[in-house]
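One structure is given below, encoded as structure tokens.
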Amino acid sequence: MPLLDVRDLRAGYGAITAVKGITLHVDEGEIVTLIGSNGAGKSTTLRAISGVIRPRGGQVTFAGQRIDRLQPHAIVRLGLSHVPEGRGIFHSLSVYENLLMGAYTRNDGAGLQADLERVYRLFPRLKERLRQPGGTLSGGEQQMLAIGRALMARPRLLLLDEPSMGLSPVLVETIFETIQAIRREGATVLLVEQNALMALEIADRAYVIESGEITLSGTGAELSRDDSVRRSYLGEA
Ligand code: ATP
């Protein structure tokens, strides 16, 4: 049974149907990526999975349980965390306080320190800046904080929306390395990325989304060799 099983998912905003019947799955331990043009419906798919918006149709099953009618906080409690596009950290709270907010669904004091240490190991930069207000971090540091905060909930599945957006090439590398480290430590990752080339490199499998529908799927290696993918998403003529 897949860890995440999405069947015929539909979602939208007002009169707009942005996701028109998407079926995909993510197995435990995989990195799976969704690629597609601007406005294709990638972020909307993640939002409908994590409960940020309510699906209009279809089924979402996580770890054997239907979650498509649950509130976002209940979904986090089951082990599914979403790092949204644009990060959404608390600007006036310190780095440390932001990290603690990520652990709000848990009440085991003992595990907390171990989880903080894990985040510091993945992002040493954050440890140097624990007292600094989140809003004063650089873009890349804010992205690290958003991912670190999500990890504090000890997710089995992490949804990452455009983690490399707006970052310098060196920081993009760091973020992609961290995603692989997160997987090595046992979490499963569903990744939305504009940087299709790097996403396909680290992904076990990938889906292409166009106009709210899946048009192609395969292993990361298969899709990075596919002519239509190369033309549309890897910048080849
Ligand atoms: P991008 O890579 O540009 O973020 P995306 O594939 O993630 O694109 P979505 O953000 O899911 O695309 O958007 C899908 C469609 O839904 C677009 O037409 C977009 O304009 C629309 N949309 C997204 N968010 C909203 C919203 N809050 N209200 C109304 N329409 C929205």
Side-chain angles (χ1 to χ4, degrees), residues 4-26 31-60 62 67-68 70-73 75 80-89 139-140 142-144 146-147 150 157-169 171-172 175-176 179 188-203 205-218 220 223-224 226 228-236:
L4 177 74
D5 194 23
V6 176
R7 300 251 168 110
D8 200 24
L9 181 69
R10 289 156 200 277
Y13 313 90
I16 297 170
T17 304
V19 171
K20 302 170 186 163
I22 277 186
T23 295
L24 60 82
H25 70 275
V26 182
I31 297 178
V32 172
T33 187
L34 307 180
I35 61 174
S37 333
N38 288 324
K42 305 179 297 295
S43 300
T44 305
T45 300
L46 296 193
R47 287 184 200 126
I49 292 170
S50 69
V52 174
I53 60 171
R54 181 162 279 233
R56 289 179 174 173
Q59 290 153 28
V60 183
F62 175 66
I67 60 168
D68 45 80
L70 298 184
Q71 296 291 323
H73 64 86
I75 294 175
L80 192 161
S81 293
H82 180 181
V83 181
E85 198 175 10
R87 296 153 194 160
I89 61 167
Q142 289 192 18
Q143 186 62 60
M144 294 174 197
I147 297 173
L157 176 64
L158 191 60
L159 309 185
L160 292 176
D161 197 348
E162 305 272 10
S164 77
M165 187 156 62
L167 303 187
S168 68
L171 275 179
V172 171
I175 291 289
F176 275 88
I179 294 169
T188 303
V189 178
L190 178 58
L191 168 70
V192 163
E193 257 296 332
Q194 285 291 326
N195 193 331
L197 186 62
M198 290 184 74
L200 290 175
E201 256 173 38
I202 67 163
R205 291 187 304 109
Y207 295 89
V208 175
I209 299 189
E210 283 174 21
S211 306
E213 292 174 295
I214 287 174
T215 54
L216 200 60
S217 66
L223 291 205
S224 49
D226 182 273
S228 67
V229 169
R230 296 182 78 89
R231 272 194 306 276
S232 304
Y233 307 111
L234 303 184
E236 290 196 358

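Numbers here are sequence positions counted from 1. Counting convention: from 1, in listed order, for ligands and their atoms alike.
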Going by heavy atoms, is G14 under 4.0 Å from ligand 1?
-> no
Minimum-distance pair of heavy atoms, taken over all atoms of D161 and P84 = CB-C, 4.0 Å
N or O contact, I16 vs ligand 1, cut-off under 3.5 Å = no
Under 4.0 Å from one or more heavy atoms of S43, ligand 1 contributes atoms 4 (O), 5 (P), 7 (O), 10 (O), 11 (O)
Heavy-atom nearest pair, I22 first then V6, reads O-CG1, 3.6 Å
Counting from 1 in the order shown, the ligand 1 atoms closer than 4.0 Å to a non-hydrogen atom of N38 are 1 (P), 2 (O), 3 (O), 8 (O)
In terms of residue, atom name and distance, what is the protein heavy atom nearest to atom 23 (C) of ligand 1?
-> Y13 CE1, 3.3 Å
Could you state the interatomic distance from CG (L160) to CD1 (I175), rounded to the nearest 0.5 Å?
-> 8.5 Å
Min side-chain heavy-atom separation R54-Q71 under 4.5 Å | yes
What one should report as the nearest heavy-atom pair of A18 and Y13 is CB-CE1, 4.1 Å
Taking atom CZ of R10 as the centre, report whether more than 12 heavy atoms of other residues, nucleotides or ligands fall under 6.0 Å from it.
-> yes
Judged by non-hydrogen atoms, does G36 sit under 4.0 Å from ligand 1?
-> no
Quick one: does atom 20 (O) of ligand 1 have a protein heavy atom under 4.0 Å from it?
-> no
Considering only heavy atoms of Q194, which atoms of ligand 1 have at least one such atom less than 4.0 Å away?
-> 2 (O)
Atom indices of ligand 1 within 4.0 angstrom of E85 heavy atoms, with elements = 4 (O)
Numbering the atoms of ligand 1 from 1, which are under 4.0 Å from a heavy atom of T44?
-> 9 (P), 11 (O), 13 (O), 14 (C)
Subset of ligand 1 atoms that lie under 4.0 Å from at least one heavy atom of E162 = 2 (O)
Nearest heavy-atom approach of I75 to I49 is CD1-O, 3.9 Å
Considering non-hydrogen atoms only, spot the tightest contact between Q194 and K42 and give its length.
-> NE2-NZ, 4.1 Å
Distance-minimising heavy-atom pair for S228 and L216 | OG-CD2, 4.1 Å
Give yes or no for whether the N/O distance cutoff of 3.5 Å, strictly under, is met between A18 and ligand 1.
-> no
What is the closest protein heavy atom to atom 12 (O) of ligand 1, and at what distance does it sit?
-> G41 N, 3.2 Å
Atoms of ligand 1 under 4.0 Å from any heavy atom of R47, numbered from 1 in the order shown, are 24 (N)
Please confirm whether the backbone N or O of S224 pairs with a side-chain atom of R230, one donor and one acceptor, at under 3.5 Å?
-> yes
Protein heavy atoms: any of them under 4.0 Å from atom 25 (C) of ligand 1?
-> yes
Counting heavy atoms under 4.0 Å, the part of T45 that contacts ligand 1 is neither
Considering the heavy atoms of S37, write down every atom of ligand 1 situated less than 4.0 Å from one of them.
-> 6 (O)
closest protein heavy atom to atom 18 (O) of ligand 1 is G39 O, 4.1 Å
Atom NZ in K20, atom CD in E213: separation rounded to 0.5 Å?
-> 6.0 Å
